[in-house]
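To keep things clear, I will list the structure first and then write my remarks on it.
Start at 1 and go down the list; that is how both ligands and their atoms are numbered. Computed from a predicted model, the values in this text were never measured in an experiment. Start at 1 with the first residue, then count along the sequence.
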Amino acid sequence: MRIERIELRRIELPYITPFETSGWRELANHSVIARVEAEGSVGWGEAPVGVGPWYNEETQSTAWVIGREILAPMLLEAELRRPEDVDALFARVRGNRMARSAFEFAVWDLMARLEGRSLSAMLGGARNRVDVGVSVGVQPDIDTLLRVVAGYLEAGYRRVKLKIKPGWDIEPTRAVRERWPDLRLQVDANSIYTLDDADHLAQLDAFDLLLIEQPLAHDDIIDHAKLQRCLRTPLCLDESIVSPEHARWAIELRACGVINIKPSRVGGLTAARRIHDLAAEAGLPVWCGGMLETGIGRAANVALASLPNFTLPGDISASARYFRRDVVRNPFALNPDSTLSVPEGPGSGAVVDEEFLDSVTLERVVLT
Ligand code: SMG
Ligand code: MG
């Protein structure tokens, strides 16, 4: 198969509330969206990059340029037989994995639609509902935090992740744990600590957390292995795992007990599934992370999370947790059991609202 036409756009879709991590604050989704066309069908993908290189090295501008100047031309020239061919095609591109993932998702979606199968089925999904939780950004004070968490619990979420940073870690976690002794709770530091903080972080062991996510540097594996030996709570790597090789290194070095898989972070669904398989072989549970995606990227995450070893709840909340209006006509809604339903229709299931998408598009280009 040849991809006949690619439409790329950069968008700005405001969040209902700003999202604050240990190091930055996001006011809107600034993804790059790819739409690919072949044999009378279409596929959609999302690179959930931000304005600045704060989560990883990519930004909306880098994904836009690499997508337009390098990846789209490569894809238009390629002969594709299977969705996995896109991962192989882009293997010689260094980094830029979120940019790559937009095209990779789009081809998976397109081929699944052409075969009349769901993306979940194509990937080897094993369930029709996926467990999800909610990620709560840094809040101004503990009273606000407790109010925000209470609101999400009322909405039906049964697993909560707190963003932490120095000065906003032990006390907020203690406060939430004391108020909800049985809540499935975890924390995420987005790379703000160093090994010197090992004793400080060990205080988190008191709160019966599911995991502590990415406390140390975004590109570290070695120090995480050292830190893991000082903690009872499993460490979970996010930023550090950008490829199946990184997952293998982390597993061999015992740098973590859990892996957060974001298909966008690792270049797409093919690499994400490989990491899922490696973790399963090693006996490590995985869960699907999130990058506050629109309904397009969210659909890819939900399909991936239907694979068997995704045994912990994902950061894949319902659309209404992020946006007043999503760019799809069938936004994900939360089921009463804190799950999202896996779409059964052909492809990812996302029904893109192109008119609304146009209204949040900053720039658009068509490549043939
Ligand atoms: O998608 O609900 C979501 C957000 C999940 O906390 C979340 N993501 O490091 O895991 C993470 C962060 C990155 C967010 S970057 C804006
Ligand atoms: Mg994280």
Next item on the list: Tell me, yes or no, whether the heavy-atom count around R127 atom CZ, taken from other residues, nucleotides or ligands under 6.0 Å, exceeds 12.
Entry: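 Correct, the count exceeds 12.
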Next item on the list: Count the heavy atoms of every other residue, nucleotide or ligand shown that sit under 6.0 Å from CZ of R254, and state whether that count exceeds 12.
Entry: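 For R254, atom CZ is not crowded (no more than 12 foreign heavy atoms under 6.0 Å).
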Check: Mind checking who shares a hydrophobic cluster with L27, ILVMFWY linked at side-chain heavy-atom distances under 4.5 Å?
Finding: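 Once heavy-atom contacts under 4.5 Å are chained together, L27 still belongs with nothing else.
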Next item on the list: Output the rest of the hydrophobic cluster of V42: all Ile, Leu, Val, Met, Phe, Trp and Tyr residues reachable through side-chain heavy-atom contacts under 4.5 Å, sorted by chain and number.
Entry: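 Hydrophobic cluster check, V42: joined to I11, L13, Y15, F19, I33, W44, L292, I296, Y322, F323, V327, V328, V352, F356, L357, V360.
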Check: Would you say N309's side chain and L284's backbone share a donor-acceptor pair under 3.5 angstrom?
Finding: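 Checking the backbone N and O of L284 against the side chain of N309, a donor-acceptor pair under 3.5 Å is found.
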Notebook entry, point to check: Any donor and acceptor pair, going by atom type alone, linking the side chain of Q214 with main-chain N or O of L216 inside 3.5 Å?
Noted result: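 The answer is yes, because a donor-acceptor pair under 3.5 Å joins these two groups.
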Next item on the list: Run through R25, K163, Q139 and flag the one making a side chain to side chain donor-acceptor pair (under 3.5 Å) with E20.
Entry: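 Testing E20 for a side chain to side chain donor-acceptor pair (under 3.5 Å) against R25, K163, Q139 leaves exactly one candidate, R25.
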Notebook entry, point to check: Any Lys/Arg nitrogen of R129 or D337 sitting under 4.0 Å from an Asp/Glu carboxylate oxygen of the other?
Noted result: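 Result for this pair is yes, salt bridge flagged.
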Check: Any idea which residues sit under 4.0 Å from ligand 1, heavy-atom distances?
Finding: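 Around ligand 1, where the cutoff is 4.0 Å for heavy atoms, the contacting residues are F19, W24, E26, Y55, S135, K161, K163, D188, N190, E213, D238, K262, G290, M291, L292, D315, Y322.
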Notebook entry, point to check: Listing residue and atom name, which protein N/O/S atoms are closer to the Mg ion (ligand 2) than 2.8 Å?
Noted result: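 Checking every protein N, O and S atom gives D188 OD2, E213 OE2, D238 OD2.
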Checklist line | Given R364, R9, R35, the one that forms salt bridge (Lys or Arg N to Asp or Glu O under 4.0 Å) with D358 | finding: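 Going through R364, R9, R35 one by one, the salt bridge (Lys or Arg N to Asp or Glu O under 4.0 Å) with D358 is satisfied by R9 alone.
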